[in-house]
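The structure appears below as structure tokens.
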Amino acid sequence: MIFRCLKSIVFFIFGCILLTSGSSLAQSGSDQYDYIDISKPFLRKIPLAVPLFKNETDSAEGARLSELSADLLAASLDFTGFFKILDRQAFLFDPQSDGYLAPQINFSNWTVIGAELLITGICEENNGKIAMELRLFDTFKGRRILGKKYSGKVADHRRIIHRFCSEVFEYLTGNKGMFASNIAFVSTGSGNKEIYSCEFDGYNPQQMTRNHSITLNPAWSSDGKYLAYTSYKQGKPDLYIKNLAEMQEISVAKKGLNITPAWVPGKFELAATLSFSGDQEIYLLTGSGKIIKRLTEMQGSDISPSWSPDGEKFAFVSNRSGRPQVYIKNIVSGKVKRLTFEGNYNTQPSWSPQGDKIAYTAFENDRHNIAVIDVEGGQPLQLTYESGDNEAPSWSPDGSLIAFSSTREGPSRIYVMTASGTDQRRLLVLDGEQTNPKWSKNDFNN
């Protein structure tokens, strides 16, 4: 049984889960495959077969978990937009009687239905605990290319599956994906604009603020431990910085506006727009809300900062040229350059995790749409067309997906698409409207 086999595996902490990572199952790094380049637009999807997992427990709960885990794994990898998940009805495979190790697998049964990759699993449930062995195979070469063992609580099977999804995605792309991330957003479901969050795929939405007022502009710190936002709960737009573990917060309540926070990557510092001096200018603050320095000094409004991954530059919106446009400022040199020139109303910049592109909201022909432009400038690429108003782009932590809000089906909802604009689909449906999504970094430790 798997539990007996796992006794010799070294355990490490995975939040509330104890994970075992069976290094003996994985191939050497020199054998690593490069199937997917997530930077390529309109990439061909890789056919992937995910049969039901073998159930090693003679119980209804074990059978349920085996099926649930296989379904979750398939859906999670499908969410990335880079895989074509094959229909199980075409499989010549019985998870209970057929083998799940390379010598036992008839790979021609998989290649004949077009599968290029295969994931098999074995699942055991015992007294509220779960153990899994999961393997990724190259069907054409007839070999295993990745294998892992995990154990933990039954209630945490989602984290186990998403950990393996991250392993698969990193092995095939060199990137961990977004499987341990969350998305914060604004929703009117309570009757007021409050901040909610959900897992990367829309699962488990939860209300994070209860200010009974207008609450806007959520921003995650790099470690996911703090959330900054703007709220009118004291009658005017003030900035709040909340410690999510202790549920304590401090406020920045200068005269005028205190809006659009953005955390500096890897630091307990954030930029925000304050107007106590008269103009709306961007300032650098400590994580406790103290002003470090002023970052912009130009007549007009400067708002909506978004940091480059190295923290040496930030994009922002300014009307210094007459209408709102996206600019970039280099913190070291102090130089500012205008980035957007097409259209006369461009806002809400979001800097990609790779550092090479900026997504933003462009208003033209009475519609808001999402566009992407290289940080060096040039011709922008419009990603949304003729589908309501599309606003507030936010990159997934690996840069492969973009979350945004759209009115294409009526009330504003949160949608996701690939970085090339393909596979646009709704993330979740809640009461009221959902806007202003903000993707967190990956964190498998929470």
Side-chain angles (χ1 to χ4, degrees), residues 39 41 217 219 259-265 270-274 279-284 293-365 367-385 389-405 417-421 436-439:
S39 68
N217 306 129
I259 60 175
T260 62
W263 291 89
V264 181
L270 68 162
T273 295
L274 312 178
D279 275 347
Q280 297 177 27
E281 301 288 354
I282 296 173
Y283 291 80
L284 183 65
K293 63 180 177 180
R294 181 168 167 173
L295 296 178
T296 60
E297 295 188 26
M298 194 77 176
Q299 187 172 0
S301 297
D302 297 328
I303 63 172
S304 300
S306 177
W307 290 94
S308 62
D310 60 12
E312 295 183 357
K313 304 180 184 72
F314 67 93
F316 64 101
V317 176
S318 178
N319 64 0
R320 62 186 62 185
S321 61
R323 301 299 295 271
Q325 297 291 345
V326 178
Y327 291 76
I328 292 177
K329 179 166 184 176
N330 187 308
I331 297 296
V332 177
S333 68
K335 292 183 178 179
V336 177
K337 72 171 185 179
R338 179 173 167 178
L339 182 64
T340 56
F341 290 89
E342 289 214 2
N344 58 13
Y345 204 101
N346 297 304
T347 60
Q348 299 175 314
S350 178
W351 208 307
S352 72
Q354 282 75 23
D356 60 338
K357 298 182 185 298
I358 291 175
Y360 63 95
T361 301
F363 182 74
E364 195 169 9
N365 298 324
R367 285 294 187 188
H368 293 92
N369 279 298
I370 306 300
V372 172
I373 189 170
D374 290 343
V375 296
E376 300 303 323
Q379 184 70 26
L381 173 65
Q382 187 173 322
L383 301 183
T384 58
Y385 291 89
D389 283 306
N390 303 276
E391 302 180 78
S394 178
W395 297 86
S396 63
D398 67 325
S400 67
L401 298 175
I402 297 174
F404 60 102
S405 61
M417 60 182 167
T418 69
S420 304
N436 200 201
K438 190 67 66 174
W439 223 308

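Please read all numbers here as calculations on a predicted model, not as lab measurements. In what follows, residues are counted from 1 in the order of the sequence shown.
For the residue pair Gln280/Thr273, the side-chain donor-acceptor check at 3.5 Å is not satisfied. Under the 3.5 Å distance criterion, with hydrogens and angles disregarded, no donor-acceptor pair is assigned to the side chains of Tyr327 and Thr296.
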Show your working on side-chain contact (heavy atoms from CB on, under 4.5 Å) between Leu270 and Val264 and close with a plain yes or no.
CA-CA 5 Å; Leu270 68 162; Val264 181; 5.6 Å; no

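Distance check: Asn319 CG to Asn344 CG gives 12.5 Å after rounding to the nearest 0.5 Å. Separation of atoms CD (Glu342) and CD1 (Ile373) is listed at 8.0 Å; rounding is to 0.5 Å. Annotation: the span from Ile328 atom CD1 to Arg338 atom CZ amounts to 13.0 Å, rounded to 0.5 Å. Atom CG of Asn346 is separated from atom OG of Ser318 by 12.5 Å, given to the nearest 0.5 angstrom. Distance check: Asn390 CG to Phe404 CZ gives 5.0 Å after rounding to the nearest 0.5 Å. Interatomic distance, Leu381 CG to Lys357 NZ, rounded to the nearest 0.5 Å: 8.0 Å.
In this structure a side-chain-to-backbone donor-acceptor pair under 3.5 Å is present from Gln382 to Thr384. Under a 3.5 Å cut-off, the side chain of Trp263 and the backbone N or O of Ala219 do form a donor-acceptor pair. Between the side chain of Asp279 and the backbone N or O of Glu281, no donor-acceptor pair lies under 3.5 Å. Remark: side-chain polar atoms of Ser396 are paired, donor with acceptor, to backbone N or O of Leu401 under 3.5 angstrom. A donor-acceptor pair under 3.5 Å is formed between the side chain of Gln325 and the backbone N or O of Gly343. In terms of modelled atom types and a separation under 3.5 Å, the side chain of Asp374 and the main chain of Glu376 share no donor-acceptor contact.
When all heavy atoms of Ala272 and Pro261 are compared, the pair lying nearest together is CB-CA, 4.1 Å. Shown here for Pro265 and Pro309, the closest heavy-atom pair between the two residues is CB-O, 3.4 Å. Considering every non-hydrogen atom in both Ala419 and Gly399, the closest pair reads CB-O, 3.6 Å. Closest non-hydrogen pair, Ser350 versus Trp395, comes out as O-NE1, 2.8 Å.
Remark: of the listed residues Val317, Asn217, Thr347, Val317 is the sole one forming a side-chain contact (heavy atoms from CB on, under 4.5 Å) with Ile303.
Under the 30°/60° scheme for interplanar angles, the aromatic rings of Trp307 and Phe314 are found to be tilted.
Crowding of Tyr345 atom OH: a count of heavy atoms from other residues, nucleotides or ligands under 6.0 Å not exceeding 12.
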